Amino acid sequence: MEKSRVLVIGATGNLGYHIAKASIGSSHPTFALVRKSPLSLPPRSLKLQSLTDSGVLLLKGSLEDEASLVEAVNRVDVVICAIPSRSVLDQKLLIRIIKRAGSIKRFIPSEFGLDPDKVQISGMDYSFYSRKAEIRRLVEAEGIPHTYISCNFFMSYLLPSLVQPGLKAPPRDKLTIFGDGNVKGVFVNEVDVAAYTINAIDDPQTINKVLHLRPPGNVYTMNELVGLWEIKIGKKLDKTYVPEDELLKKIKETQYPDNMDLIFIYSAFVKGDQTYFDIESSGGVEGSHLYPHVRYTTISEYLDALL
């Protein structure tokens, strides 16, 4: 079967880069929409060179440039957007162009986090999730074939500190556990998110569905996470438990955006927004079940690298 042609928007970002690499690595003709930039910073230049060397074709343009979007969309079968969360509403012009073209077999909008239709922190998150939900409703209203990727937390977020805001490495003496420590959260490596995403783009099982990622080795409560770390370092840590009411008070007292880490921790490890619902009965599908051949990094393996 002929491989779908893939356009990645946001290919110089952390996740977008991995998606573009996974796409070309799976033999999809791959295009990346990149801004015209006279002076690229070294990390961006290195990524662009790496993508080009891999066979990705760079197309000049942006989400604000209608002509470049039309040209790019007309060259592909699949569009994947991986832009920062603050910019998700910038996909509206792209959605109109995809609708007008009528030739896109699959659109994956920029989500790559918790399911915005499942989170229970409405009014607390400064519209972080409502903006993503707004894009979902627009995609659905336009009848565009789509897949939403709900990967929960990236491993590079919070896990390096063992969910200790402000720390850069896991503590070895004392730490804070939010809530009772018995609510399960999920972390997935960005490279693995990219692999699951590319597996989904031509799969009829994922059309117009949410692809949730809950790999078995990556679903942990805070108590389990701390226990695993204690085994690895051979030492018990002093634990301070912060109950829900205290965490909510701290969120309220902390200025935005400095309180966002606490809000996301509250969502995942107190409210259980990543795991409280059954995936299949809610109409979704789970990536590690659909694609058991994907070799993913487990939380245990990730923590080994931090020793």
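Just so it is clear, the structure is predicted and the values come from calculations on it, not from any experiment.
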Check: Checking T206 side chain against A200 main chain: does a donor-acceptor pair fall under 3.5 Å?
Finding: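 Checking the backbone N and O of A200 against the side chain of T206, a donor-acceptor pair under 3.5 Å is found.
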Check: Once you round to the nearest 0.5 Å, how far does CD of E224 lie from NZ of K184?
Finding: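 The CD atom of E224 sits 3.5 Å away from the NZ atom of K184.
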Check: Is atom CD of E2 surrounded by more than 12 heavy atoms (other residues, nucleotides or ligands) closer than 6.0 Å?
Finding: no
Notebook entry, point to check: In Å, rounded to the nearest 0.5 Å, how long is the span from CG of L306 to CG of L159?
Noted result: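 Output value for this atom pair is 7.0 Å.
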Residues 88-95 side chain polar contacts: donor-acceptor under 3.5 Å, at least two apart:
{"from": "Q91", "atom 1": "OE1", "to": "S110", "atom 2": "N", "distance (Å)": "2.8"}
{"from": "Q91", "atom 1": "NE2", "to": "V88", "atom 2": "O", "distance (Å)": "2.9"}
{"from": "K92", "atom 1": "NZ", "to": "E134", "atom 2": "OE2", "distance (Å)": "2.7"}

Next item on the list: Please step through side-chain contact (heavy atoms from CB on, under 4.5 Å) for the pair H212 and H289, ending with a clear verdict.
Entry: CA-CA 10 Å; H212 296 270; H289 291 166; over 6 Å; no
Margin query: Distance check, rounded to the nearest 0.5 Å: I9 atom CD1 versus L7 atom CG?
Written below: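 Between I9 CD1 and L7 CG, I get 4.5 Å after rounding to 0.5 Å.
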Notebook entry, point to check: Applying the 4.5 Å side-chain criterion to the ILVMFWY set and letting contacts propagate, would I83 and L138 be lumped into a single cluster?
Noted result: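 Yes: a chain of side-chain contacts under 4.5 Å links I83 to L138.
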Note to self: side-chain contact (heavy atoms from CB on, under 4.5 Å) for Y291 and D203? Distances and angles first, verdict last.
What the structure shows: CA-CA 10 Å; Y291 315 116; D203 187 352; 2.7 Å; yes
Note to self: Between L290 and I201, is there shared hydrophobic-cluster membership here, with clusters defined by ILVMFWY side-chain heavy atoms closer than 4.5 Å?
What the structure shows: yes
Item checked: Pairs meeting criterion ring pair (Phe, Tyr, Trp, His ring centres under 6.0 Å) with involvement of residues 243-270, two or more places apart ->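 Counting only pairs at least two positions apart or across chains, the ring pair (Phe, Tyr, Trp, His ring centres under 6.0 Å) contacts touching residues 243-270 are Y126-Y256, F128-F264.
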Margin query: Checking R295 against E301 for the salt bridge (charged side-chain N to carboxylate O under 4.0 Å, His left out) test, could you report, in this order, the C-alpha distance in whole Å, the side-chain angles of both residues, the deciding distance, and whether it holds?
Written below: CA-CA 12 Å; R295 170 70 180 89; E301 290 166 341; 2.5 Å; yes
Check: Rounded to the nearest 0.5 Å, how far apart are CG of N208 and OG1 of T147?
Finding: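 Here the rounded value is 7.0 Å.
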Item checked: Stepwise salt bridge (charged side-chain N to carboxylate O under 4.0 Å, His left out) check, E246 with K249 -> CA-CA 5 Å; E246 280 187 33; K249 185 169 180 283; over 6 Å; no
Next item on the list: Using atom types as modelled and distance alone, determine if a side-chain donor or acceptor of S127 lies under 3.5 Å from a backbone N or O of S130.
Entry: no
Note to self: Give me the atom names and distance for the closest heavy-atom approach of K36 to D65.
What the structure shows: NZ-OD2, 4.4 Å
Note to self: Determine whether E71 and K60 satisfy the following criterion, salt bridge (charged side-chain N to carboxylate O under 4.0 Å, His left out), listing intermediate values before the conclusion.
What the structure shows: CA-CA 10 Å; E71 181 185 347; K60 296 296 183 187; over 6 Å; no
Note to self: How about NZ on K250, more than 12 heavy atoms from neighbouring residues, nucleotides or ligands closer than 6.0 Å, or not?
What the structure shows: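 Open.
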Check: Which atom pair, heavy atoms only, marks the closest approach of S26 to I198?
Finding: OG-CG2, 3.8 Å
Next item on the list: Begin with the C-alpha distance, continue with both residues' side-chain angles, and end with the deciding distance and a verdict on side-chain contact (heavy atoms from CB on, under 4.5 Å) for V188 and N152.
Entry: CA-CA 7 Å; V188 186; N152 300 301; 5.6 Å; no
Next item on the list: Answer whether the closest heavy-atom distance between the side chains of S300 and K232 falls below 4.5 Å.
Entry: yes
Next item on the list: List in chain and number order the residues that pass side-chain hydrogen bond (donor to acceptor under 3.5 Å, both in side chains) with S288, two or more places apart in sequence or in another chain; answer none if no residue qualifies.
Entry: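 Testing S288 for side-chain hydrogen bond (donor to acceptor under 3.5 Å, both in side chains), a comparison that skips the adjacent residues, returns E286.
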Next item on the list: State, without any angle test, whether Y17 and S50 hold a side-chain donor-acceptor pair at a distance under 3.5 Å.
Entry: yes
Next item on the list: Without swapping roles, check the side chain of T297 against the backbone of N189 for a donor-acceptor pair under 3.5 Å.
Entry: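 Not a single qualifying donor-acceptor pair exists.
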Notebook entry, point to check: Got a second to check how far T221's OG1 is from L228's CG, nearest 0.5 Å?
Noted result: 10.5 Å
Checklist line | I19-M155 co-clustered via ILVMFWY side chain contacts under 4.5 Å | finding: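 I19 and M155: separate clusters.
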Margin query: Testing the basics here: between Y196 and P215, what is the closest heavy-atom pair and its distance to 0.1 Å?
Written below: OH-CG, 4.4 Å
Next item on the list: Would you kindly confirm whether V270 and Y241 end up in one hydrophobic cluster when ILVMFWY residues are joined by side chain heavy atoms under 4.5 Å apart?
Entry: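 Cluster IDs for V270 and Y241 match.
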Margin query: To the closest 0.5 Å, what do you measure between CD1 (I263) and NZ (K252)?
Written below: 11.5 Å
Notebook entry, point to check: Should the ring pair Y148 and H146 be called parallel, tilted or perpendicular, given that the plane angle runs from 0 to 90° and is split at 30 and 60?
Noted result: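 Y148 vs H146 ring planes: parallel.
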Margin query: Closer than 3.5 angstrom, by distance alone: can the side chain of T254 be matched with the main-chain N or O of I251 as a donor-acceptor pair?
Written below: no
Note to self: For G181, is there any backbone N or O sitting under 3.5 Å from a side-chain donor or acceptor partner on N223?
What the structure shows: yes
Next item on the list: List the steps, then state whether salt bridge (charged side-chain N to carboxylate O under 4.0 Å, His left out) holds for D173 with K235.
Entry: CA-CA 8 Å; D173 296 305; K235 178 183 178 183; 2.7 Å; yes
Notebook entry, point to check: Are I108 and L15 connected in the hydrophobic side-chain network, where two residues link if heavy atoms are under 4.5 Å apart?
Noted result: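 Result: yes, single cluster for both.
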Margin query: Testing K239, R172, K174 one by one against E230 for a salt bridge (Lys or Arg N to Asp or Glu O under 4.0 Å), which residue passes?
Written below: K239
Margin query: Using side-chain heavy atoms (C-beta onward) and a distance below 4.5 Å, is S23 in contact with F31?
Written below: no
Next item on the list: Answer yes or no: is there a side-chain heavy-atom contact under 4.5 Å between E142 and I98?
Entry: no
Item checked: Backbone of I279 reached by a side-chain donor or acceptor of S282 within 3.5 Å ->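 Yes, because the side chain of S282 sits within donor-acceptor range (under 3.5 Å) of the backbone of I279.
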Next item on the list: Report yes or no: does Q164 contribute a side-chain atom to a donor-acceptor pair with the main-chain N or O of T176 at less than 3.5 Å?
Entry: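 Yes.
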Check: Got a sec: does the CZ of R86 have more than 12 other heavy atoms crowding it under 6.0 Å?
Finding: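 No - once you tally the heavy atoms of other residues, nucleotides and ligands closer than 6.0 Å, there are 12 at most.
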Next item on the list: Could you tell me whether the side chain of Y302 and the main chain of N218 form a donor-acceptor pair under 3.5 Å?
Entry: no
Checklist line | Short side-chain to backbone donor-acceptor contact, S150 and G113, under 3.5 Å | finding: yes
Check: So which of R214, R136, K209 actually passes salt bridge (Lys or Arg N to Asp or Glu O under 4.0 Å) with D115?
Finding: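 Only one option passes, and that is R136.
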Item checked: Evaluation steps, side-chain contact (heavy atoms from CB on, under 4.5 Å), between V76 and V78 -> CA-CA 6 Å; V76 299; V78 173; over 6 Å; no
Notebook entry, point to check: Do you see a donor-acceptor pair shorter than 3.5 Å between the side chains of K21 and S54?
Noted result: yes
Margin query: Between S62 and E64 (side chain of the first, backbone of the second, donor and acceptor by atom type, cut-off under 3.5 Å), is there such a pair?
Written below: yes
